[in-house]
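To start, the structure under review is shown below, and the notes come after it.
Values in this document were obtained by computation on a predicted structure and should not be read as measured data.
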Amino acid sequence: MFELSLDRVLKSLVSLGISKSDAEVYIYLAKEGPKKASELANALEISRQKVYLDLKKLLDKQIVTTSDDKPSIFSAVAFEEAIELLVQIKKEQTAAILETKEQLISNWKSIDWKNNT
């Protein structure tokens, strides 16, 4: 039952615009608490380089935070907050797509097809 629920959470995070790998990093941090990149790499059995790439994307989306410590310690924001942030990003992307669509349709309608062939 737990694995099914976790799989559903993973798929939901992916549907909200993050990669499966990013979602796995976020979920691990959310479940296990703050970790160094090396600890994440070991626990998830992925390269440290890949972990840093995933963490950068998660930091950009503001669903992971980092400490000023050396080495940095990464933490997941609360799940509810992460979902709100990802939904907001999706809303902004949708609004941008709709705006582009309207501009494109307007441009299409304004083409003088008789003199533009």
Side-chain angles (χ1 to χ4, degrees):
M1 174 98 173
F2 178 73
E3 286 302 319
L4 181 60
S5 297
L6 189 55
D7 187 53
R8 191 172 303 141
V9 168
L10 181 67
K11 287 178 181 175
S12 296
L13 289 171
V14 170
S15 75
L16 287 171
I18 64 175
S19 72
K20 182 179 180 206
S21 179
D22 295 348
E24 289 169 345
V25 169
Y26 171 80
I27 289 168
Y28 186 82
L29 284 172
K31 287 184 352 185
E32 301 296 327
K35 299 287 180 215
K36 295 183 234 177
S38 60
E39 294 171 323
L40 285 166
N42 289 337
L44 297 172
E45 298 178 351
I46 55 178
S47 72
R48 201 179 295 188
Q49 181 181 10
K50 176 68 174 137
V51 166
Y52 277 114
L53 290 172
D54 293 339
L55 287 167
K56 179 173 181 352
K57 291 185 276 181
L58 295 170
L59 287 164
D60 289 346
K61 288 183 174 21
Q62 300 177 356
I63 63 172
V64 165
T65 61
T66 185
S67 70
D68 291 332
D69 301 336
K70 295 294 179 204
S72 295
I73 297 174
F74 299 91
S75 303
V77 301
F79 184 74
E80 296 81 1
E81 184 180 348
I83 295 300
E84 283 298 320
L85 288 165
L86 292 173
V87 166
Q88 185 59 38
I89 291 168
K90 274 289 194 194
K91 285 181 181 178
E92 290 168 5
Q93 290 171 341
T94 301
I97 290 167
L98 290 173
E99 184 177 321
T100 301
K101 172 189 151 197
E102 294 303 320
Q103 290 173 348
L104 185 57
I105 290 170
S106 176
N107 289 342
W108 177 264
K109 290 178 179 179
S110 69
I111 294 173
D112 181 358
W113 291 103
K114 292 180 183 173
N115 295 324
N116 209 2
T117 53

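With rounding to the nearest 0.5 Å, the separation of CD1 in Ile105 from OG in Ser110 is 12.0 Å. In this structure, Lys57 NZ and Leu59 CG are separated by 12.0 Å, a value rounded to the nearest 0.5 Å. Atom CD1 of Ile89 is separated from atom CD of Gln93 by 7.0 Å, given to the nearest 0.5 angstrom. Taking CD of Glu24 as the start and CG of Leu13 as the end, the distance is 10.5 Å to the nearest 0.5 Å.
Side chains of Gln88 and Glu84: no donor on one and acceptor on the other come within 3.5 Å.
Closest non-hydrogen pair, Lys35 versus Glu39, comes out as CA-OE1, 3.3 Å. Residues Gln62 and Leu85 share a closest heavy-atom pair of O-CD1, 3.2 Å. The minimum heavy-atom distance between Ile27 and Leu6, with the atom names listed, is CG2-CD1, 3.6 Å. Closest of all the heavy-atom pairs between Ile73 and Pro34 is CG2-CB, 3.5 Å. Between Val14 and Ala23 the shortest heavy-atom distance is CG2-CB, 4.4 Å. For Tyr26 against Phe79, the heavy-atom pair with the smallest separation is OH-CA, 3.1 Å.
Thr100 places a side-chain N or O within donor-acceptor distance of the main-chain N or O of Ala96, the cut-off being under 3.5 Å. At least one donor-acceptor pair under 3.5 Å links the side chain of Ser15 to the backbone N or O of Ser12.
In this structure, Leu44 is not a member of the same hydrophobic cluster as Leu53, with clusters built from ILVMFWY side-chain heavy atoms closer than 4.5 Å.
Side chains of Leu55 and Leu29 form a contact here, defined as non-hydrogen atoms less than 4.5 Å apart. Val87 has its side chain within reach of Ile83: a pair of non-hydrogen atoms, C-beta onward, lies under 4.5 Å apart. Side chains of Phe74 and Val25 form no contact here, defined as non-hydrogen atoms less than 4.5 Å apart.
Just one residue in the list Leu10, Asp54, Leu86 forms a side-chain contact (heavy atoms from CB on, under 4.5 Å) with Ile18, and that residue is Leu86.
Counted within 6.0 Å of NZ on Lys50, heavy atoms from surrounding residues, nucleotides or ligands total more than 12; the atom is thus considered enclosed. Within 6.0 Å of CD in Glu92 there are more than 12 heavy atoms belonging to other residues, nucleotides or ligands.
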